[in-house]
2 protein chains.
Amino acid sequence: MFERQWKNYKGLAIMLIIGLIVGVAGGKLTFDSASQVQTNSVVSSNEGWVPPGQLDQAYMFASGGQSGNMVVFGIPSMRILKTIPVFDPFPDTGYGFTPATKKMLGKYTWGDAHHPVMSQTKGTYDGQFVWVNDKANDRIGQVDLRTFTTTQILNVPNLMGLHSLSTDPESKYLFTASEFSAPVANGKPNYAPLNTWGHQYYGVAACVNTNREGLKAGQPGKMGLDYEMLLPPYDYDLASVGKADSAGYVFYTSYNSEEATTDLEKNSTKFDRDLTLFMDYKAAQKLIDAGKYDAIINGVKVIDPRKHPGIAWLLPIPKNPHGVDVSPDGKWICYSSKLDPVVTVISMDKLKQAIAHKDYEKTTWGLPVIKWQDVQEAQIPVGVGPLHTQFDNQGYAYTSLFVESAVTKWQLGTWKVIDKQPVNYNVGHVAVAGGDSEHPFGHWLVALDKMSLNRFLPVGPGYPVTEQLFDISKGPKMQLVNEAPSDREPHYATIIPANLIHPLNVYPKDTARPNSTWNEAQAKVVRNGKEVKVYMTAVRSHFVPDNIEVNQGDHVDLYLTNIEQQPNITHGLAISKYNINLAADPGETVRASFTADKAGTFPFYCTDFCSALHEEMMGYLLVKPHS
Amino acid sequence: MFERQWKNYKGLAIMLIIGLIVGVAGGKLTFDSASQVQTNSVVSSNEGWVPPGQLDQAYMFASGGQSGNMVVFGIPSMRILKTIPVFDPFPDTGYGFTPATKKMLGKYTWGDAHHPVMSQTKGTYDGQFVWVNDKANDRIGQVDLRTFTTTQILNVPNLMGLHSLSTDPESKYLFTASEFSAPVANGKPNYAPLNTWGHQYYGVAACVNTNREGLKAGQPGKMGLDYEMLLPPYDYDLASVGKADSAGYVFYTSYNSEEATTDLEKNSTKFDRDLTLFMDYKAAQKLIDAGKYDAIINGVKVIDPRKHPGIAWLLPIPKNPHGVDVSPDGKWICYSSKLDPVVTVISMDKLKQAIAHKDYEKTTWGLPVIKWQDVQEAQIPVGVGPLHTQFDNQGYAYTSLFVESAVTKWQLGTWKVIDKQPVNYNVGHVAVAGGDSEHPFGHWLVALDKMSLNRFLPVGPGYPVTEQLFDISKGPKMQLVNEAPSDREPHYATIIPANLIHPLNVYPKDTARPNSTWNEAQAKVVRNGKEVKVYMTAVRSHFVPDNIEVNQGDHVDLYLTNIEQQPNITHGLAISKYNINLAADPGETVRASFTADKAGTFPFYCTDFCSALHEEMMGYLLVKPHS
């Protein structure tokens with residue numbers, strides 16, 4: 001029955017065996033060349049194989065795109081270690097089922113997570129937080145890597161299509177902007193006809209303060225919106241915060257300098273160069289600190305850069321650039337243009353000189369336009385459809401080519417193309433370990449491919465995407481070592497060595513925690529009129545209390561404390577037909593809050609298989625009818 | 001930076017190299033022994049490794065537990081090929097965001113998916129459908145494997161904790177039962193105090209007709225509830241439908257013959273044997289066909305088996321049995337008792353004789369109790385904490401041991417234990433390819449382990465579970481060949497060779513499909529008072545229309561047709577801040593239905609990266625304010 005499929009396996013086995021036979025029977029190989037040959041043909045090709053019981057070497061945090069979550073991969077196995085819900089309810093962990101997480105999600109039950117950003121200290125990934133944007137609903141989520149949970153979602157008003165996200169070398173700030181220009185209106189709907197585009201529609205950039213100092217594990221974050229800046233009505237795509245030589249600047253790409261409002265596929269691709277924007281955020285911060293912002297719109301301080309020379313500039317970059325990526329030393333700003341088969345490298349030195357000399361091409365939308373000829377250092381012929389560039393720790397850059405389905409390796413400084421490897425297929429971003437920081441770790445590159453046709457077993461008309469792992473540490477050629485499908489759709493990922501992540505394995509017992517119960521004798525039901533509070537404990541394998549009777553219409557707040565301190569022993573609590581599922585990890589207190597509006601007899605039970613008597617871990621909620 | 005973690009890799013590489021060196025430098029190995037040694041040490045241990053570009057050999061459909069979905073793994077790579085949402089909204093695919101899928105989900109936004117069941121023809125997996133239960137909300141979902149989508153969710157009234165699910169060799173029926181006994185009430189709340197347990201609480205079994213003949217790919221299913229049966233108020237755990245020699249019977253396990261209502265961990269574990277139930281469903285069907293049911297409760301025909309001798313019996317089985325599994329030939333009914341270190345094998349021949357002779361031990365709850373001594377064939381000393389048994393195509397059985405963290409292989413007929421292998425850790429179910437059918441495929445076994453402590457990189461207090469793959473085709477010993485973490489929590493899985501699944505890769509162009517639009521010239525906005533219908537097309541890379549203006553308060557029905565017929569080119573449609581995301585696979589028409597209650601300017605855009613100009617695939621929804 002398996003015959004046809006077994007062929008693959010047999011083919012591999014035979015191939016391996018033949019390889020070994022050649023090694024043995026050939027008899028000419030020296031010790032070195034034998035191991036060399038085998039390293040290439042066997043070990044290298046098996047580099048992605050992590051045998052049972054062995055740990056991965058690195059984490060990859062990939063955005064889940066329209067799934068609204070973040071997905072944690074192990075490298076090199078490419079196994080999915082965990083899904084972290086950010087913008088979507090996730091019953092697995094009770095996310096979106098507790099009052100606290102419901103409040104975080106607000107009125108939305110999904111998000112479009114694009115660009116995860118790892119927190120940095122001194123320009124190096126520090127493994128504390130990952131932030132990620134929601135392009136659909138204009139939010140930024142914060143994931144605490146001590147608990148691998150989402151601890152804050154910040155709504156960013158006044159902009160639409162919050163797409164880019166980038167941080168500075170100390171992760172004090174996050175910068176983003178509107179992919180889609182829209183009217184900006186204070187305290188009223190932002191409606192304006194499309195024919196008012198030139199004067200009523202704006203791009204908007206935003207500066208978010210991470211305020212991460214002193215945050216406790218798993219407790220709510222404190223991100224705040226420092227200010228926003230009005231921009232010309234283009235479509236702001238990606239962002240990269242400067243570092244080292246370019247510290248204090250943030251660079252954006254944009255398309256649609258044509259200001260098209262329909263059929264952008266044709267109408268926003270006409271100009272040879274789009275006007276991209278960069279800003280001096282230290283200068284902007286000084287304005288804010290001095291109270292010199294120009295408006296407060298929906299509670300946000302807003303700068304109009306046209307009124308403050310020396311804050312923002314426009315820089316012409318070839319056709320519809322997607323990625324902008326600053327080299328580790330901050331010297332080179334690398335733009336990947338979707339419709340031009342080159343990466344355009346801008347020199348930060350030259351850019352500073354141009355700014356110092358105020359020698360501009362012209363003014364557009366009240367902003368100075370840099371003479372691109374004065375600042376352009378090189379154009380790298382990477383290939384067709386470049387989208388995004390990352391860097392390693394050896395002075396190399398890696399650019400994804402969507403149209404050509406390849407990744408091109410090139411050298412900073414010499415601007416030489418070193419290698420090009422095919423991917424399968426249509427790569428969006430690439431991620432190198434630490435590849436957007438001052439201090440990349442290198443070694444691993446993942447191509448986040450958008451297509452997977454014929455690459456995996458068929459799963460119907462909805463295909464997975466493909467993540468392909470390359471070893472970039474083995475000399476000039478990148479080596480494909482593993483690949484994995486995933487649900488749609490990681491847009492970007494951040495890779496960090498495993499030893500930089502130090503998560504909790506239990507929530508410490510904290511008897512001072514409000515509404516927690518640590519002793520079964522203190523578990524109880526407290527009634528106050530129609531308000532019922534249940535203080536419940538869970539431990540292998542029973543709940544206390546496990547018989548709860550309320551009256552129809554009562555409001556119930558149930559606080560469940562998992563009193564285990566043994567790692568890996570999570571307890572769930574489902575209440576039949578009440579659409580409630582909680583998950584309490586060891587030492588955690590979680591809450592359900594509901595009105596007992598349905599009368600009847602409702603079993604509740606542990607949803608997380610916790611012991612041989614897990615199924616006996618159940619009880620009854622009886623809701624007595626009105627009459 | 002990577003140094004500490006690199007050690008694992010280096011260790012492996014060195015080990016492999018040394019292995020090869022020994023093969024070469026030892027000089028004593030013959031051709032055969034060389035390949036033999038390498039087959040064992042390299043190929044065998046790398047058997048789970050599927051190099052980039054190679055396909056898996058089999059699919060595993062695993063339930064997602066409290067995630068509410070189904071997860072498709074590739075075997076032997078253990079890669080996750082796809083998540084199929086069943087009981088939970090899933091923005092990735094727009095599931096729960098279209099009117100049709102919202103209606104299927106009803107008032108629930110999660111489910112607790114436990115037992116996937118593969119459809120069979122003549123006792124062999126046929127790869128057409130997988131059904132799965134929702135223990136929390138008492139539903140059964142149907143997944144169509146032509147599209148890998150959920151096509152029906154059936155609500156099953158009158159029972160609580162719908163846990164078991166099993167089908168007959170032609171998949172005409174699905175059988176399930178209540179894990180949690182509860183009052184049964186017609187047309188009113190099923191409230192009854194727990195002290196009325198003995199006479200107001202019931203277990204309930206249900207027979208669902210799959211009605212799968214003639215179902216079209218991706219179109220709604222037609223499952224229907226044929227009848228239910230009242231049972232004694234025990235907790236019904238798992239079920240297994242008879243086959244071959246036991247065809248026409250269905251066997252259930254149950255715990256809590258003690259009829260405890262609190263602290264079941266202690267109070268439901270007192271008896272040496274629990275009274276499990278089995279029924280003759282052909283006899284039950286005859287009753288139904290003859291109109292001889294005893295009541296209609298909430299629209300369902302209900303049989304009280306106490307009034308119809310020859311339909312249901314009780315069978316004493318040792319302590320709190322979990323799995324009941326019928327051998328492929330139907331001769332042996334194998335019960336795994338959580339608190340007894342044995343699998344108890346019942347002979348179907350002897351059971352039939354006992355029924356024929358009506359030689360019963362006693363009557364309990366009006367049902368005859370089989371003399372277990374007369375029908376018990378063997379007890380296999382499998383080890384501590386047996387939960388579940390599967391079968392291969394060589395006459396062997398495989399039982400999971402939760403407490404002992406192991407899988408035991410034993411032989412049908414001789415009842416000998418052949419092998420025991422550790423797992424990591426605390427295995428729930430096991431799944432063998434085809435292992436619950438008359439014709440198992442064998443070869444692969446997956447242990448669905450509940451714990452993963454120290455098995456994967458740490459991911460905070462919420463641990464993943466572990467799926468461990470064993471090759472059971474290589475002689476007496478089971479060989480661990482791969483493992484993977486997964487989100488909580490697969491409870492059971494069904495494994496099928498890849499060549500038995502034949503999914504569509506696009507939805508065929510169907511111009512007769514209601515509300516579909518296949519020609520951009522026919523795309524349009526139709527207004528009728530406050531009702532607005534948008535007939536939209538999507539193709540790389542633009543929507544038509546892409547400027548839509550409505551008035552605040554209008555109701556909008558938007559029908560999006562992806563007019564591509566190229567596989568893998570899905571288009572999404574997100575509307576900013578309207579909490580809408582659709583996904584239209586090639587050739588598919590999907591619908592959003594919403595009231596434009598928020599005035600303003602709202603970009604919409606493609607969420608599925610479809611081309612180099614994917615980001616230019618956007619438009620504007622303008623909602624004009626009332627005043």
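So you know, we letter chains A, B, ... as the sequences are listed, proteins then strands, and number each from 1.
- Heavy-atom distances place both the backbone and the side chain of A:P458 under 4.5 Å from chain B.
- B:D546 and A:T262 are linked by a side-chain donor-acceptor pair at a separation below 3.5 angstrom, with hydrogens and angles left out of the test.
- Interface summary for chain B: among A:D608, A:D585, A:N568, the most heavy-atom pairs under 4.5 angstrom belong to A:N568.
- When each of B:G619, B:G53, B:G428 is scored by its heavy-atom pairs under 4.5 Å with chain A, the top score falls to B:G53.
- Looking at B:N426, there are no atoms closer than 4.5 Å to chain A (heavy atoms on both sides), in backbone or side chain.
- Only the backbone of B:V506 comes within contact range of chain A, with heavy atoms under 4.5 Å apart.
- For A:N505, the parts sitting under 4.5 Å from any heavy atom of chain B are the backbone and the side chain alike.
- In terms of heavy-atom pairs under 4.5 angstrom with chain B, the leader among A:Q552, A:H491, A:K450, A:K598 is A:K450.
- With a 4.5 angstrom heavy-atom cutoff, B:S452 touches chain A via backbone and side-chain atoms both.
- Between the OG atom of A:S486 and the CG atom of B:D92 there is a distance of 9.0 Å, given to the nearest 0.5 Å.
- In this structure, chain A has no heavy atom under 4.5 Å from any part of B:N256.
- Using modelled atom types, one side-chain atom of B:Q66 and one backbone atom of A:T607 make a donor-acceptor pair closer than 3.5 Å.
- Of the listed residues A:N190, A:D263, A:N137, the one with more heavy-atom pairs under 4.5 angstrom with chain B than any other is A:N190.
- No side-chain donor-acceptor contact under 3.5 Å links A:E265 to the backbone of B:M617.
- Here CE of B:M78 is found 12.5 Å from CD1 of A:I80. Values are rounded to the nearest 0.5 Å.
- The shortest distance between side-chain heavy atoms of B:H542 and A:K266 does not fall below 4.5 Å.
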**OP:** Could you give me the CA-CA distance, side-chain angles and deciding distance for A:Y191 and B:E549, then say whether side chain to side chain contact (heavy atoms under 4.5 Å, CB included) is met?
**Re:** CA-CA 10 Å; A:Y191 171 84; B:E549 179 149 349; 2.3 Å; yes
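- Between chain B and the options A:G462, A:G385, A:G64, heavy-atom pairs under 4.5 Å are most frequent for A:G462.
- Within the 4.5 Å cutoff, the side chain of A:D235 has no heavy atoms near those of the B:E615 side chain.
- Considering only heavy-atom pairs separated by less than 4.5 Å from chain A, the leading option among B:V72, B:T93, B:D88, B:V623 is B:V623.
- Using a 4.5 Å cut-off between heavy atoms, B:L453 contacts chain A through both its backbone and its side chain.
- Using a 4.5 Å cut-off between heavy atoms, A:M618 touches chain B through its side chain atoms alone.
- Here A:P567 is the residue among A:A574, A:P567, A:A484 with the most heavy-atom pairs under 4.5 Å with chain B.
- The main-chain N or O of B:T83 is found under 3.5 Å from a side-chain atom of A:D487 such that the two form a donor-acceptor pair.
- Looking at B:R488, both its backbone and its side chain come within 4.5 Å of chain A, counting heavy atoms on both sides.
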**OP:** Walk me through it: do B:T601 and A:M160 pass the test side chain to side chain contact (heavy atoms under 4.5 Å, CB included)?
**Re:** CA-CA 9 Å; B:T601 302; A:M160 290 289 197; 5.7 Å; no
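- Side chains of B:F97 and A:T109 form a contact here, defined as non-hydrogen atoms less than 4.5 Å apart.
- The CG atom of A:L194 lies 4.5 Å from the CG atom of B:L622; values are rounded to the nearest 0.5 Å.
- Looking at A:R146, the atoms closer than 4.5 Å to chain B (heavy atoms on both sides) all sit in the backbone: N, CA, C or O.
- Taking the side chain as every heavy atom from C-beta outward, B:R79 and A:R79 never approach each other to under 4.5 Å.
- Between A:D138 and B:S576, the side chains place no donor N or O within less than 3.5 Å of an acceptor N or O (distance only, hydrogens not considered).
- Proximity to chain B (any heavy atom under 4.5 Å) is restricted, for A:F90, to the side chain, taken from C-beta onward.
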Subject >> Derivation of the side chain to side chain contact (heavy atoms under 4.5 Å, CB included) call for B:Y620 and A:F180 >> reply: CA-CA 9 Å; B:Y620 282 93; A:F180 306 125; 4.0 Å; yes
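- Remark: side-chain polar atoms of B:N482 are not paired, donor with acceptor, to backbone N or O of A:P51 under 3.5 angstrom.
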**OP:** Could you give me the CA-CA distance, side-chain angles and deciding distance for A:W110 and B:N579, then say whether side chain to side chain contact (heavy atoms under 4.5 Å, CB included) is met?
**Re:** CA-CA 7 Å; A:W110 82 290; B:N579 203 44; 3.2 Å; yes
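- Interface remark: A:E179 contributes side-chain atoms only to the contact with chain B (heavy atom separation under 4.5 Å).
- A:D56 is not listed as a side-chain neighbour of B:F456, based on a closest heavy-atom distance of 4.5 Å or more.
- Using a 4.5 Å heavy-atom cutoff, the side chains of B:P52 and A:L480 are in contact.
- Neither the backbone nor the side chain of A:L145 comes within contact range of chain B; no heavy atoms are under 4.5 Å apart.
- Looking at B:N424, there are no atoms closer than 4.5 Å to chain A (heavy atoms on both sides), in backbone or side chain.
- Chosen from B:P461, B:P189, B:P503, B:G600, the residue pairing most often with chain A at heavy-atom distances under 4.5 Å is B:P461.
- Side-chain atoms of A:E616 and B:S268, non-hydrogen and from C-beta on, do get closer than 4.5 Å to each other.
- A side-chain donor from one of A:D112 and B:Y605 sits under 3.5 Å from a side-chain acceptor of the other.
- Interface check for chain B: of the options A:T261, A:N581, A:T570, A:L613, the most heavy-atom pairs under 4.5 Å are formed by A:N581.
- Side-chain atoms of B:K82 and A:P464, non-hydrogen and from C-beta on, never get closer than 4.5 Å to each other.
- B:N46 and A:W49 are linked by a side-chain donor-acceptor pair at a separation below 3.5 angstrom, with hydrogens and angles left out of the test.
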**OP:** Walk me through it: do A:F402 and B:F609 pass the test ring-ring contact (aromatic ring centres under 6.0 Å, His included)?
**Re:** CA-CA 10 Å; A:F402 182 90; B:F609 210 112; 5.4 Å; yes
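- Contacts of A:P76 with chain B are absent, with no heavy-atom separation under 4.5 Å from either backbone or side chain.
- Heavy atoms closer than 4.5 Å to chain B are found nowhere in A:A185, neither backbone nor side chain.
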